[in-house]
Every structure is written in structure tokens, then in C-alpha cells.
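Bear in mind that the values here come from a model prediction, so they are computed numbers and not experimental data. This chain uses plain numbering: 1 for the first residue, then up along the sequence.
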Amino acid sequence: QVQLQESGGGLVQAGGSLRLSCSPSGRTASNIATAWFRQAPGKEREFVAAIRWSGGHTAYADSVKGRFAISRDNAKNTAYLQMNSLGPEDTAVYYCSASRWGVILSALRDPASYLYWGQGTQVTVSS
């Protein structure tokens, strides 16, 4: 059973930066995808960013494009979400997710592509 360990959330002022980390424990396929989703109070969970471990293809929500960057370190078996120029609208619980197998590019934004989910980490941006 794969479990996802998230870290890096917290409180930051508008304009600041945070970096989230996600490390799957247990055995994972080499071609999985990792994604971040977020859920703000009273809103549905939404896609933020995703990366395929094999090839490094990425996808971003329009709302974070140019501000957030997703990456992975295969040696450390860890995915990262670097978040810059944060605004109050980015306040949410951020969830790391991982697929069991490879994910086609067109499905990277679909939460149904991901089998494993973390517990979530709170990101709060003050104005």
C-alpha cells in the first residue's frame, strides 16, 4: 500500500512563497504521475499541477501558471510544488496524489487518474 507524506504548508503573507513536498512510501511504478489538488472552504477540490515521473511532462491550472512550478527528484522519490507570488486566493488545503500506473497527458488534470491521496496540508495566505 502506498502512502503519501506531505510537508511544507503554512502561513505566508501575500506575495510570498512556499514549497510543498510529497514523498510516496512503498513501492511505486517508475512511470507514475503525481499531482496536487487543492480545496478552499466552501469550494470543490480543484486541480493545481501534475507531473509524469517518466519524461517530466507537466500540466498546470490556468490560475497558477507562471507562479507555481511542479518538479520531481527521482533519486529522492519526492515531488515538489514551488509556489511563488502567493495570494489570498491560493488559501486552501493542498492534497498530493499519485497514480498507480502511467497517466496519459490528457488525463493529468482528472482526479480519477490518481489512486493514492495524502491527508492534505494547509496553506494560508494573508493579505
Rounded to the nearest 0.5 angstrom, the OH-CG distance for Tyr94 and Leu20 is 7.5 Å

Any side-chain heavy atom of Leu18 sitting closer than 4.5 Å to one from Val123? yes

Run Tyr80 and Arg19 through side-chain hydrogen bond (donor to acceptor under 3.5 Å, both in side chains) and show every step you take. CA-CA 7 Å; Tyr80 303 98; Arg19 189 177 77 160; 4.7 Å; no

Distance-only check: which donor-acceptor pairs under 3.5 Å involve side-chain atoms of residues 47-59, not counting sequence neighbours?
{"residue": "Arg52", "atom": "NH1", "partner": "Val103", "partner atom": "O", "Å": "2.9"}
{"residue": "Arg52", "atom": "NH2", "partner": "His57", "partner atom": "ND1", "Å": "3.2"}
{"residue": "Trp53", "atom": "NE1", "partner": "Thr34", "partner atom": "OG1", "Å": "2.6"}

Euclidean distance, Arg67 CZ relative to Ser17 OG, rounded to 0.5 Å: 10.0 Å

For Leu4 against Ala98, the heavy-atom pair lying closest together: CD1-N, 3.7 Å

Look up atom CG in Asn77 and atom OG in Ser30, then write down how far apart they are to the nearest 0.5 Å. 11.0 Å

Plane angle bin for Trp117 and Phe37 - parallel if under 30°, tilted between 30 and 60°, otherwise perpendicular: tilted

Check: Phe68 ring centre within less than 6.0 Å of Trp36 ring centre: no

Looking only at heavy atoms, which two atoms of Gly120 and Tyr95 are closest? And how far apart? CA-CD2, 3.6 Å

Donor-acceptor pair, side chain of Ser113 and main chain of Pro111, under 3.5 angstrom: no

Output yes when a side-chain donor or acceptor of Ser127 lies under 3.5 Å from a complementary backbone atom of Pro88, and no otherwise. no

From CG (Leu11) to CD (Gln122), nearest 0.5 Å: 9.5 Å

Rounded to the nearest 0.5 angstrom, the SG-CZ distance for Cys96 and Arg38 is 15.5 Å

May I ask whether Val125 and Val93 are part of the same hydrophobic cluster, defined by side-chain heavy atoms of I, L, V, M, F, W, Y residues being less than 4.5 angstrom apart, directly or through others? no

Expected output: side-chain Asp90 to main-chain Gly87 donor-acceptor under 3.5 Å: yes

Closest non-hydrogen atom pair, Tyr114 against Ser99: CD2-N, 3.6 Å

Roughly how far apart are Cys22 SG and Glu6 CD, rounded to 0.5 Å? 6.0 Å

Show your working on side-chain hydrogen bond (donor to acceptor under 3.5 Å, both in side chains) between Thr78 and Ser23 and close with a plain yes or no. CA-CA 5 Å; Thr78 300; Ser23 300; 2.9 Å; yes

Answer yes or no: does atom CD of Glu89 have more than 12 heavy-atom neighbours from other residues, nucleotides or ligands under 6.0 Å? yes

Minimum-distance pair of heavy atoms, taken over all atoms of Tyr60 and Ala69: OH-CA, 3.3 Å

Arg100, CZ: over 12 other non-hydrogen atoms inside 6.0 angstrom: no

